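The structure presented is a predicted model; accordingly, all values stated were derived computationally and were not measured.
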Amino acid sequence: MMKWCCLIVFIFCTIGVSKGGKKCLASNGKCGEKNVSCNETFGPEWTYNGKCCSGRPCCKLLKAPCVPETCPIGFKLLSNQTSSANCYSMSNGKTAASWDTARAICAQTDGAYMWRPNTEQEAKAVLIELNSPGNVLDVWTGANDIDYDGNYLFAGDNSPFSLNNLPFGEASTVDPHSSCAVKLHTVGGASWYWEIVPCSSTAGYYICEYKLRVCP
């Protein structure tokens with residue numbers, strides 16, 4: 001008796017799948033729950049794709065097509081991408097800018113953020129690629145404490161920054177009155193100093209960074 005019941009259920013399900021116009025195979029999706037939408041069951045990228053047996057929806061995962069990106073206008077890749085595969089843009093240095101001004105300008109390019117120097121190799125490569133002038137240079141980075149809570153984070157990914165755990169170089173000036181943002185000061189690309197200063201103070205240059213979303 002049990003075998004006959006199972007057989008009847010199997011036949012019913014097979015007919016139910018076919019009546020929906022699309023068989024719910026691996027290529028078409030998978031069965032959801034009755035009276036529950038596909039995105040509620042599986043997530044926001046799932047959509048209705050016909051019927052399974054017993055009135056259940058056949059759900060299909062629809063992902064946006066992967067489109068390879070290039071750098072935004074005004075940004076460029078490093079010639080040697082072993083240092084970094086991101087895109088960079090540097091101010092022209094004609095007018096010194098405050099940290100807030102620099103952040104606002106970087107944000108005008110959707111997805112861009114103020115520079116996060118991860119290694120000395122990257123910092124040297126970026127400054128060379130962007131034709132940074134002069135032997136002595138001060139550049140705004142994305143590291144900041146605009147909340148004035150004592151915790152410094154990099155704008156963009158909110159990763160922590162600490163003078164006690166620098167990615168490279170040495171700690172330099174710390175303004176005790178209005179600590180807010182971090183400059184990277186370099187002498188000929190040989191010596192590097194991190195300076196914590198008020199956001200209202202200015203730096204000769206700032207760098208915007210953009211992370212490419214590359215298709216697998």
Side-chain angles (χ1 to χ4, degrees), residues 67-81 83-149 151-163 166-169 171-175 177-189 192-214:
V67 180
E69 282 190 330
T70 56
C71 292
I73 296 174
F75 287 71
K76 64 187 300 185
L77 289 168
L78 301 181
S79 299
N80 183 354
Q81 293 183 41
S83 300
S84 171
N86 293 345
C87 305
Y88 299 90
S89 175
M90 189 174 186
S91 63
N92 57 25
K94 292 181 179 179
T95 304
S98 69
W99 189 87
D100 290 316
T101 298
R103 178 179 61 165
I105 293 172
C106 289
Q108 289 176 3
T109 300
D110 189 30
Y113 50 91
M114 292 182 72
W115 185 32
R116 176 187 173 176
N118 292 295
T119 65
E120 183 175 357
Q121 180 186 12
E122 176 201 344
K124 286 181 178 179
V126 168
L127 295 180
I128 291 172
E129 191 73 41
L130 299 179
N131 298 316
S132 61
N135 186 51
V136 179
L137 199 70
D138 62 324
V139 183
W140 281 124
T141 73
N144 71 91
D145 179 22
I146 56 176
D147 295 328
Y148 296 101
D149 60 1
N151 297 312
Y152 282 79
L153 302 172
F154 277 102
D157 62 3
N158 289 326
S159 56
F161 170 85
S162 171
L163 289 175
L166 293 171
F168 60 92
S172 183
T173 308
V174 177
D175 188 317
H177 303 293
S178 184
S179 299
C180 175
V182 181
K183 291 181 183 180
L184 182 57
H185 182 88
T186 181
V187 180
W192 303 87
Y193 304 96
W194 302 80
E195 303 175 273
I196 296 180
V197 296
C199 283
S200 58
S201 62
T202 60
Y205 292 87
Y206 58 86
I207 293 174
C208 305
E209 186 172 1
Y210 182 92
K211 185 175 182 179
L212 286 177
R213 292 182 287 273
V214 182

Exercise for the section: Using a strict 4.0 Å threshold on nitrogen-to-oxygen distance, state whether Glu129 and Lys76 make a salt bridge. Expected result: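 Counted as a salt bridge, because a side-chain N and a carboxylate O are separated by less than 4.0 Å.
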Strictly distance-based, threshold 3.5 Å: is any side-chain N or O of [X] a donor or acceptor partner for the main-chain N or O of [Y]?
{"X": "Ser83", "Y": "Glu122", "answer": "no"}
{"X": "Trp140", "Y": "Ala97", "answer": "yes"}
{"X": "Thr186", "Y": "Leu137", "answer": "no"}
{"X": "Asn144", "Y": "Leu153", "answer": "yes"}
{"X": "Asp100", "Y": "Ala104", "answer": "no"}
{"X": "Thr202", "Y": "Ser98", "answer": "no"}

Spacing of [X] atom [atom1] and [Y] atom [atom2] [to the nearest 0.5 Å]:
{"X": "Lys183", "Y": "Thr141", "atom1": "NZ", "atom2": "OG1", "answer": "11.0 Å"}
{"X": "Lys211", "Y": "Asn86", "atom1": "NZ", "atom2": "CG", "answer": "6.5 Å"}
{"X": "Tyr206", "Y": "Asp138", "atom1": "OH", "atom2": "CG", "answer": "13.5 Å"}
{"X": "Ser132", "Y": "Ile207", "atom1": "OG", "atom2": "CD1", "answer": "7.5 Å"}
{"X": "Phe154", "Y": "Tyr113", "atom1": "CZ", "atom2": "OH", "answer": "10.5 Å"}
{"X": "Asn151", "Y": "Ser162", "atom1": "CG", "atom2": "OG", "answer": "10.0 Å"}

Can you name the nearest heavy-atom pair linking [X] to [Y], along with the distance?
{"X": "Ala123", "Y": "Trp115", "value": "CA-CZ2, 3.7 Å"}
{"X": "Ser179", "Y": "Tyr148", "value": "O-CE2, 3.2 Å"}
{"X": "Tyr152", "Y": "Ala181", "value": "CE2-N, 4.5 Å"}
{"X": "Gly93", "Y": "Tyr205", "value": "CA-CE2, 3.3 Å"}
{"X": "Pro117", "Y": "Leu184", "value": "CG-CD2, 4.0 Å"}
{"X": "Ala171", "Y": "Leu166", "value": "N-CD1, 3.4 Å"}

Do [X] and [Y] have side chains that get closer than 4.5 Å, going by heavy atoms?
{"X": "Cys106", "Y": "Tyr210", "answer": "no"}
{"X": "Val126", "Y": "Ser84", "answer": "no"}
{"X": "Met90", "Y": "Leu127", "answer": "yes"}

Problem - Aromatic ring pairing Trp194/Phe161, orientation class (parallel under 30°, perpendicular over 60°, tilted between) - result: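 Taking Phe161 first and then Trp194, their aromatic rings sit tilted (interplane angle of 30° to 60°).
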Handout entry: Derivation and outcome, side chain to side chain contact (heavy atoms under 4.5 Å, CB included), residues Thr119 and Lys124
Key = CA-CA 9 Å; Thr119 65; Lys124 286 181 178 179; over 6 Å; no
Problem - Verdict with reasoning, Met114 to Trp99, per side chain to side chain contact (heavy atoms under 4.5 Å, CB included) - result: CA-CA 9 Å; Met114 292 182 72; Trp99 189 87; 3.4 Å; yes
Problem - Centroid-centroid under 6.0 Å between Phe168 and Trp192 rings - result: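 Yes: the rings meet the under 6.0 Å criterion.
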Problem - Cys208/Tyr88 under side chain to side chain contact (heavy atoms under 4.5 Å, CB included): CA gap, chis, key distance, verdict - result: CA-CA 6 Å; Cys208 305; Tyr88 299 90; over 6 Å; no
Exercise for the section: Could you please spell out the steps behind the side-chain hydrogen bond (donor to acceptor under 3.5 Å, both in side chains) verdict for Arg116 and Ser159? Expected result: CA-CA 10 Å; Arg116 176 187 173 176; Ser159 56; 2.7 Å; yes
Problem - More than 12 heavy atoms of other groups within 6.0 Å of Asp110 CG - result: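 Counting other residues, nucleotides and ligands, CG of Asp110 stays at 12 neighbours or fewer.
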Practice task
Decide yes or no on side chain to side chain contact (heavy atoms under 4.5 Å, CB included) for Leu212 and Cys87, but give the supporting numbers first.
Solution key: CA-CA 7 Å; Leu212 286 177; Cys87 305; 3.7 Å; yes
